[in-house]
Number of protein chains: 2
Amino acid sequence: MGRPTIDDVARAAGVTKATVSHAYSGKRPISATTKARIFAAAERLDWVPSSRARALAARRANAVGVVLSRDPAILASDAFFPAFISGVESVLAGHEIALVLQMVTGRTAEERAYRAMASGRADGVIVLDLHRVDWRVPYLRDLRLPAVLLGAYDAENPFSTVRTDDATPVRELVAHLRALGHTRIAHVSGPLDYVHSHARAAAYVESVGGDELLREGDFTAGSGRALTAELLGLPDRPTAVLYANDTMAIAGYSYARSRGLEVPADLAVAGFDDDHLSAHLSPALTSVSSDPFRRGKVAAERLLADLAGEPAESVTVDCTVLRLRASTAGPAPEAHPTPLEEELS
Amino acid sequence: MGRPTIDDVARAAGVTKATVSHAYSGKRPISATTKARIFAAAERLDWVPSSRARALAARRANAVGVVLSRDPAILASDAFFPAFISGVESVLAGHEIALVLQMVTGRTAEERAYRAMASGRADGVIVLDLHRVDWRVPYLRDLRLPAVLLGAYDAENPFSTVRTDDATPVRELVAHLRALGHTRIAHVSGPLDYVHSHARAAAYVESVGGDELLREGDFTAGSGRALTAELLGLPDRPTAVLYANDTMAIAGYSYARSRGLEVPADLAVAGFDDDHLSAHLSPALTSVSSDPFRRGKVAAERLLADLAGEPAESVTVDCTVLRLRASTAGPAPEAHPTPLEEELS
DNA sequence: GTTCACGGTAAAACCGGTTTGATGAACCGG
DNA sequence: CCGGTTCATCAAACCGGTTTTACCGTGAAC
């Protein structure tokens with residue numbers, strides 16, 4: 001009737017199910033002839049062991065989880081996520097481990113999702129979009145759910161972390177713009193309670209020596225546009241803007257253009273994360289590629305190591321590459337042109 | 001020590017575990033007072049039922065699967081997937097159902113992945129990137145694994161399908177270009193053994209009345225570029241090109257520009273799938289938005305309906321919207337300019 | 001005043017594997 | 001030739017729930 005079970009195989013091979021189990025797991029020696037009989041029977045019956053039963057008995061799901069609390073709309077326009085997941089899967093695939101994904105909105109739903117993971121859906125999780133003070137860290141500790149954190153988490157915690165140096169590329173970008181003659185360099189950041197946004201913003205502030213031209217965005221095109229408008233409306237407007245992602249950068253430079261500014265002649269623009277289309281825009285967008293695929297790989301490897309019993313460890317992935325393109329080419333504008341002729345828009 | 005089990009709760013409430021189970025499932029009436037005692041005990045012990053045990057006993061994983069056989073590199077530069085998954089999750093989240101993702105390369109790995117799903121990881125799967133003759137359809141039938149197919153599958157099959165009308169937007173695009181005066185309209189398709197690529201290409205061939213200017217690409221920027229080069233090298237080159245996705249379209253129009261052509265003045269360009277950056281390119285790219293979020297939603301709802309025992313059904317999602325933008329604006333070029341001055345590149 | 005239906009709970013079987021303890025046969029040194 | 005290993009296998013317990021069966025007490029029906 002239904003799918004064959006281990007008992008069917010055992011019966012067909014003339015042994016008990018314990019022997020079948022051992023033949024596959026190798027945890028007890030089984031004679032070659034018996035093994036052959038068992039494998040033949042399994043083959044003939046087309047037996048696939050029930051992953052449900054296996055998970056219960058072995059107390060392990062053979063799956064790792066990712067809980068995403070992003071707004072679906074933002075996720076859909078994000079270059080990071082699919083590449084990151086690809087990297088994770090590239091590691092898991094070789095171990096017959098599956099990826100369990102849950103997308104939630106709201107703290108309650110997120111807690112529920114993590115409890116579900118801890119209740120046996122997954123053996124461990126990868127935590128993205130870490131906040132500077134993140135409730136999930138103590139929460140996961142209390143759940144005793146193995147986890148790998150993506151991004152530096154300073155406070156005491158028992159988890160492995162996968163860090164990336166976000167500061168260096170920002171410093172390099174600022175240096176690059178300075179070399180071109182820019183003195184008024186602005187930054188439109190992501191939400192500053194994210195560790196990565198904060199790290200980038202901090203490196204920016206340190207590089208330019210102040211936060212006068214720092215504006216906090218939220219990674220959406222809308223905020224990129226609005227904050228660009230605000231910056232360009234300043235009496236002494238910036239001649240260059242660094243955005244925390246490409247979506248905001250593109251929204252920003254579209255807006256600047258709509259007000260009659262040329263990129264990069266009147267305004268230099270740089271993004272972050274190097275969306276796959278950014279190189280094809282015109283002018284092509286300077287950005288920082290951060291190899292999310294590789295970070296996904298490293299995070300998955302680290303989690304598997306944790307699950308194998310190795311002690312937690314913090315690894316740093318050196319994966320950011322500055323992609324200098326046309327949007328920051330050429331010398332800085334001479335002086336700051338008179339405030340925009342807004343009536344011309 | 002470990003997490004509390006249903007037995008611990010039962011003991012604390014002074015009942016048997018069967019009663020606890022029934023109190024939650026409601027499959028047997030339990031008096032209000034007993035229920036209250038059970039819930040209080042569960043709360044106090046912080047009991048979360050083991051999803052592993054539940055899956056085994058109830059013969060259902062409370063999860064649905066998606067197996068992706070795309071090359072990770074392609075996936076990472078694809079606008080469709082994250083939005084589609086968001087749509088799927090938006091439905092699953094409300095039912096406490098998880099999404100199990102497996103990315104594989106190669107038929108063997110893909111079969112293994114589906115067998116894993118069938119062995120209890122998932123209660124059903126959503127099948128993407130359907131081929132015109134797809135081995136997965138009979139394979140899944142043999143596995144008796146509930147599935148929803150995304151895209152029209154003509155051959156006899158027992159599954160629900162979620163269709164989209166790909167032909168109409170193509171016809172509209174061709175009509176639009178014709179109205180602008182274009183007579184030489186080319187199409188760079190996706191692999192023609194995919195049902196959706198084929199449907200688009202077929203609609204194109206029907207509209208323009210021939211396949212002289214049809215070229216088969218593979219959705220990558222590289223193929224977009226190469227096939228554009230080929231088309232522009234023709235003695236009587238096209239004045240407009242329809243691409244099967246935005247990535248190829250952008251690669252194509254970058255290439256055309258590098259050869260000194262203006263878009264849209266010398267070459268009109270249209271994409272497909274409406275990447276979130278396409279509207280921000282300059283000129284903005286005409287494309288066909290196909291609302292992958294909504295298709296994900298519908299596919300998930302359909303699968304849940306199948307799992308609930310409803311008979312398989314084929315639903316059509318009407319979700320394509322033509323986004324006419326600058327890349328196809330203006331009249332067609334007068335005549336076909338002399339073959340490109342290749343020496344100028 | 002028995003009979004019957006039914007609400008409420010206990011007891012036990014079951015889901016399909018893994019793991020552990022026991023057993024018998026072969027092997028081995030003294 | 002005997003006690004002690006080692007090897008191969010069986011039998012049973014176990015993982016933590018769900019589901020089925022059985023049983024008891026009570027109020028309604030006859």
Side-chain angles (χ1 to χ4, degrees), chain A residues 1-39 41-42 45-63 96 115-123, chain B residues 1-39 41-42 45-63 96 115-123:
Chain A
M1 252 312 309
R3 303 181 203 290
T5 73
I6 195 173
D7 275 313
D8 299 326
V9 175
R11 206 170 308 121
V15 297
T16 63
K17 61 179 185 172
T19 307
V20 176
S21 179
H22 288 136
Y24 280 93
S25 71
K27 299 204 172 175
R28 287 273 177 95
I30 299 291
S31 71
T33 57
T34 309
K35 253 189 204 166
R37 236 178 32 242
I38 291 173
F39 294 159
L45 295 178
D46 197 26
W47 175 63
V48 180
S50 153
S51 42
R52 297 200 272 249
R54 193 195 291 251
L56 177 60
R59 295 172 195 70
R60 107 191 294 272
N62 285 310
E96 304 267 316
R115 294 173 68 109
M117 295 288 179
S119 81
R121 269 197 196 301
D123 302 316
Chain B
M1 246 321 306
R3 302 181 205 289
T5 73
I6 196 174
D7 275 313
D8 299 326
V9 174
R11 206 172 308 121
V15 296
T16 64
K17 60 180 185 171
T19 307
V20 175
S21 179
H22 287 136
Y24 279 93
S25 71
K27 300 204 171 175
R28 286 278 175 96
I30 300 291
S31 70
T33 57
T34 308
K35 255 189 204 166
R37 236 177 33 240
I38 291 173
F39 293 159
L45 296 177
D46 196 24
W47 174 63
V48 181
S50 154
S51 42
R52 297 199 272 251
R54 193 196 294 253
L56 177 59
R59 294 172 196 71
R60 106 193 298 269
N62 285 308
E96 304 267 316
R115 294 174 66 107
M117 296 289 180
S119 81
R121 269 198 196 300
D123 302 316

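Just so it is clear, the values below take in all heavy atoms, side chains as well, and ignore hydrogens, waters and symmetry mates. Proteins come first, then strands; the chains are lettered A, B, ... in the order of their sequence lines, and each starts at number 1.
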Presence of Ser31(B) side-chain N/O under 4.0 Å of dG7(C) phosphate oxygens OP1/OP2: no
Any Trp47(B) side-chain N or O less than 4.0 Å from OP1/OP2 of dG17(D)
yes
### Query
Between Thr34(A) and dA8(D), does any side-chain N or O lie under 4.0 Å from OP1 or OP2?
no
Judged by nearest nucleotide, the residue sitting upstream toward the 5' end of DNA chain C, Pro29(B) or Ser21(A), is Pro29(B)
**Item:** side-chain N/O Arg54(A) vs dT18(C) OP1/OP2, d < 4.0 Å
**Value:** yes
Contacts of Thr19(A) and Arg28(B) projected onto DNA chain C by closest heavy atom; the upstream (5') one is Arg28(B)
### Message
Donor-acceptor check, side chain of Arg59(A) to backbone of Ala57(A), threshold 3.5 angstrom: yes or no?
### Response
yes
When the rotation axes relating C1' atoms of four end pairs to the next four are compared across the helix from dG1(C)-dC30(D) to dG30(C)-dC1(D), five pairs an end, they differ to 10° by 50°
### Query
Closer than 4.0 Å, any side-chain N/O of Thr16(B) to the OP1 or OP2 of dA10(C)?
yes
- Message: Please determine whether a side-chain nitrogen or oxygen atom of Lys27(A) lies at a distance below 4.0 Å from atom OP1 or OP2 of dT19(C).
- Response: yes
Can you confirm whether Lys35(B) sits close enough to Ile38(B) that some side-chain heavy atom of one is under 4.5 Å from a side-chain heavy atom of the other? no
Which of dG16(D), dT9(D), dT9(C) is nearest the side chain of Ile30(B)? It is dT9(C)
